[in-house]
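For reference, the structure is listed below as structure tokens.
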Amino acid sequence: MIIKSIETFCTEQVGFVRVTGEDGKQGWGQVSTYNADIASIVLHRQVAPWALGQDDSDIDGLLDRIFDREYKFPGSYIYRALGGLDTALWDLKGKRAGKSVCALIGGKPRAIRAYASSMKRDITPKDEAARFQRLRDKHGFDAFKFRVGAECGHDQDEWPGRTEEIVPTIRKALGDGAALLVDANSCYSPKRAIEVGRLLEQHGISHYEEPCPYWELEQTKEVADALKVDVTGGEQDCWIPTWKRMIELRAVDVIQPDISYLGGLSRTLRVAKMGAEAGLPCTPHSANWSLVTLFTMHLLGAIPNAGKYLEFSIEGADYYPWQYGLFRNDPYVIKDGKATIPDEPGWGIEIDPEWLARSAYRISERR
């Protein structure tokens, strides 16, 4: 079916995309969060001209043709925009077929395990542990991720001694039965990353995310080769050749693509397949309650190398005030530590009309 129009509804942080086919059917997607207003402009200027009037049945092929036309712009924003088209087309495809996206890509909607993901570094170890205990008792989480080091910290901690304190504090508070993950956000040199990794191993941490600057794959590989704990990464990477190199090097033990940063579900399926062929689990990055977490739920319900759990942000209005009031139906209910993949056609979500009415609107139409 031919693509007739592409609309965006956006704020600075969130941008929804609606694609309409010549048959009048519509699908909803989302450009990446954070500077979504910029990504929406890129969508209209550099993606829509090559998508309008095209057949939407081969989403993968369409994405490649658009990239060929925009080959001078192989950076993050083109993929953050392209993901809006891709995810809207998957929703449209699901609605036409009367199937969930999860089912379309070979999966089955069901409950999947989630881990409680903290985004905070300004929180004390004692307060973080107490927060995790409350979430465990209320929602049944049995896996938790917290932050170590400082973001791109050049071996510096958020404050002196925080990492050495928070690791044993969280383990003691939650007991040996809890799965614990940490995120270093590109903090360390390999030498310091390995030192911290030994501490993590001592306390049974199972997941060590982005220990070194993410763009330095050889540094990350050095850490992965030295440690038993799973070294993970990839959330920032949108360039398929980088993914190929990362996997060929075995720079990480677990791959972590972000569907919105990478350019949509289709491209993430490519990366997941490369990981599966190399024997690497895929535990995607999905760090807020926009549509990215829903996209990730559908993906994890279908891929053969799905990781152990879904990343589920635990931050509220004090951290992400913009993630509230987006949807009429809430897809993010955690029960017994699990989220449930919707089985309605497409993504199984309805954007709140009141939110749409307040957003900045733009349309590109086939002429």
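Only heavy atoms go into these numbers, but all of them, side chains included; no hydrogens, no water, no symmetry mates.
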Polar contact flag, side-chain donor to acceptor under 3.5 angstrom, [X]-[Y]:
{"X": "Thr87", "Y": "Gln30", "result": "no"}
{"X": "Thr33", "Y": "Gln13", "result": "no"}
{"X": "Glu235", "Y": "Gln256", "result": "no"}
{"X": "Ser266", "Y": "Asp86", "result": "yes"}
{"X": "Gln219", "Y": "Ser189", "result": "no"}

Restricting to ring-ring contact (aromatic ring centres under 6.0 Å, His included), what partner residues turn up for His207, sequence neighbours left out? none
My understanding is that only residues two or more places apart in sequence, or in another chain, count here; which of them pass ring-ring contact (aromatic ring centres under 6.0 Å, His included) with Phe295?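 Scan of Phe295 (ring-ring contact (aromatic ring centres under 6.0 Å, His included), adjacent residues dropped) gives Trp347.
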With side chains defined as the heavy atoms from C-beta onward, is the minimum distance between Glu311 and Thr283 less than 4.5 Å?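 Glu311 does not reach Thr283 side chain to side chain.
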Given side chains that start at C-beta, do those of Lys25 and Thr20 come closer than 4.5 Å, heavy atoms only?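 No, side chains not in contact.
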Would Arg267 and Tyr79 count as a cation-pi pair here, with the cationic atom under 6.0 angstrom from the ring centre and within 45° of the axis? yes
Pairs touching residues 106-134 that satisfy ring-ring contact (aromatic ring centres under 6.0 Å, His included), sequence neighbours left out: Tyr115-Tyr309, Phe132-Phe144
Side chain to side chain contact (heavy atoms under 4.5 Å, CB included) partner of Tyr77, the single match among Leu43, Leu82, Val42: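 With Tyr77 as partner, Leu43, Leu82, Val42 yield a single side chain to side chain contact (heavy atoms under 4.5 Å, CB included), made by Val42.
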Between Phe9 and Trp28, is the ring centre distance below 6.0 Å?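 Distance test on ring centres: under 6.0 Å, yes.
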Check whether the ring centres of Trp322 and Tyr324 lie less than 6.0 Å apart, and answer yes or no. no
